[in-house]
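All residue numbers in this chain count up from 1 along the given sequence.
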Amino acid sequence: MRQLTPTSLSLGLSFLLLLSLSACQQVKFFSSRPAPLPQDPFIEVYFNHSEAAEYLEPYRQQKRSGDDLEQKIVDTIATAKSTIDVAVQELRLPKIAQALAERQQAGVKVRVILENTYHLSLGGISEAAIAQMPERERSRYEELRKLIDRDRDGKLSPAEINQGDALVILQNAGIPILDDTADGSAGSGLMHHKFVIVDGSKLIVTSANFTTSDIHGDFRNSNSRGNANNLLKIDSFELANIFAAEFNLMWGDRPGGLKNSKFGLKKPFRPAQSINLLDSNVTIQFSPTSAKQPWEASSNGLIGKALNNASQSVNLALFVFSEQQLGNILETNHQKGVQIKALIDPDFAYRPYSEALDMMGVALSTNCKYEPQNNPWQSPINTVGVPQLPKGDLLHHKFAVIDGQTVITGSHNWSTAANKNNDETLLIIQNSRVAAHFEREFARLYQNAQLGIPPSLQEKIEDQKKTCR
């Protein structure tokens, strides 16, 4: 039997101590992850940057925090028995396309509507044409090329295109696709919807496009975790029927030849509709709304009505905020003592048209010309700013939480363009359990946000005071 020497005993005790410390660190790591919040039985809420979940991202094989929004969509599609309708600005994720193809082959009727700008597969566009695109569009196709190029040799084989190009997968499966030129126009402002209807009873409604950059992260930056987005899974025949009516307006008789699809302002005015789901009241409205209708009847007007009901707090996480009338309503709320916090995507927060500037009591001009009806607040707030996100990622949310009870969300940006030109989805959900999920996401974004007027912006404002009247 081997004798234990003082040295070996010391080494053994040290090893056990290290194991113990490692175990404690692991326990600390896992205990630091917040517990998942309870979900409403009819409206489930997910975030691709959530700290309460983690998953292995399928394309870059990176383990990361967040809900796998793509898998949520795939799992919902897989339950389809009769129909699947998809309306999304951009669809590039092959797992979603393959899930749709499998259901189509199983006899499920699948229909897809896209924004016309993103109705081109890589097989149908040359590298020279991509090189001539504006930088934003070019970067999207370059990202798509990296997604499809599985062996990373810089070349796309026919097999890689057939297995990795989502539009080619749909086409090969015989799934009909149309875009917002189907009404005979050059396209609506934007076909900006992001929803899926399954069997006329299940809904996916999200702020995310079905792309790597919106859900998982960019290939060109391994630290990217995807634009910050949310996703709702809703179980409701009544609500699904309302979405189906919107989808059918856009679809028309396709693939017939009547050209009776309706997009943008060609659609008739659809007022807001409300339904009750157990503990929830859900109000839905689709954009755009003609300027012939009163602003109060539009989607932005519906947002305004919800904001007018605030009595305690309003927390905003918005990609863009440029609707002046909504900024004015928030100022009135602020004067009544409502606590307002706002996070805007850094690309839009400090532009001359941004309502974030009004809220901070400052203004920027373009060539010494200020925005019409510009209204810097007389009592500015310093709870406005930009989130700190991984490089390359955007704040793509379009949500607000009012009094911890009501959530405004969907694809609808808080802008005039979304209100008057784009095909958009707006949901207002009165449910404290749903609101708690959005409050947690807002708190996560807010805790490390850069608030107030940054020095570079202050310097720009001071320069304009000297040069502009």
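Applying the salt bridge (Lys or Arg N to Asp or Glu O under 4.0 Å) test to every pair with at least one member in residues 385-407, sequence neighbours left out, gives no pairs at all. Sorted by first then second residue, the ring-ring contact (aromatic ring centres under 6.0 Å, His included) pairs that include residues 406-431, not counting sequence neighbours, are F321-W414.
A salt bridge links E90 with R92: the distance from a Lys NZ or Arg NE/NH1/NH2 to an Asp or Glu carboxylate oxygen falls below 4.0 Å. Salt bridge status for D85 with R111: present, with a side-chain N to carboxylate O gap under 4.0 Å. Here E143 does not pair with K146 in a salt bridge; the nearest charged N to carboxylate O distance is not below 4.0 Å. A salt bridge links R33 and E54; the closest N-O separation between the charged side-chain nitrogens and carboxylate oxygens is under 4.0 Å. Here E296 does not pair with K305 in a salt bridge; the nearest charged N to carboxylate O distance is not below 4.0 Å.
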Identify every side-chain donor-acceptor pair in residues 192-199 under 3.5 Å, counting partners at least two apart or on other chains, and give the distances.
from	atom 1	to	atom 2	distance (Å)
H192	ND1	S411	O	3.1
H192	ND1	E424	OE1	2.7
H192	ND1	E424	OE2	3.1
H193	ND1	T425	OG1	2.8
H193	NE2	E246	OE2	2.9
K194	NZ	Q89	OE1	3.4
K194	NZ	H192	O	3.3
K194	NZ	N209	OD1	2.9
D199	OD1	K81	N	3.0
D199	OD1	S82	N	2.8
D199	OD1	S82	OG	3.0
D199	OD1	T83	N	3.1
D199	OD2	K81	N	2.9

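Note that CD1 of I428 and CD1 of I284 are 9.5 Å apart. Values are rounded to the nearest 0.5 Å.
Across all non-hydrogen atoms, the minimal contact from L167 to L114 is CD2-CD1, 3.6 Å. The shortest non-hydrogen separation linking I344 to L395 is C-CD2, 3.8 Å.
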**Request:** Begin with the C-alpha distance, continue with both residues' side-chain angles, and end with the deciding distance and a verdict on ring-ring contact (aromatic ring centres under 6.0 Å, His included) for Y59 and H216.
**Result:** CA-CA 8 Å; Y59 303 108; H216 298 300; 5.6 Å; yes
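The backbone N or O of R60 lies less than 3.5 Å from a partner atom in the side chain of E57, making a donor-acceptor pair.
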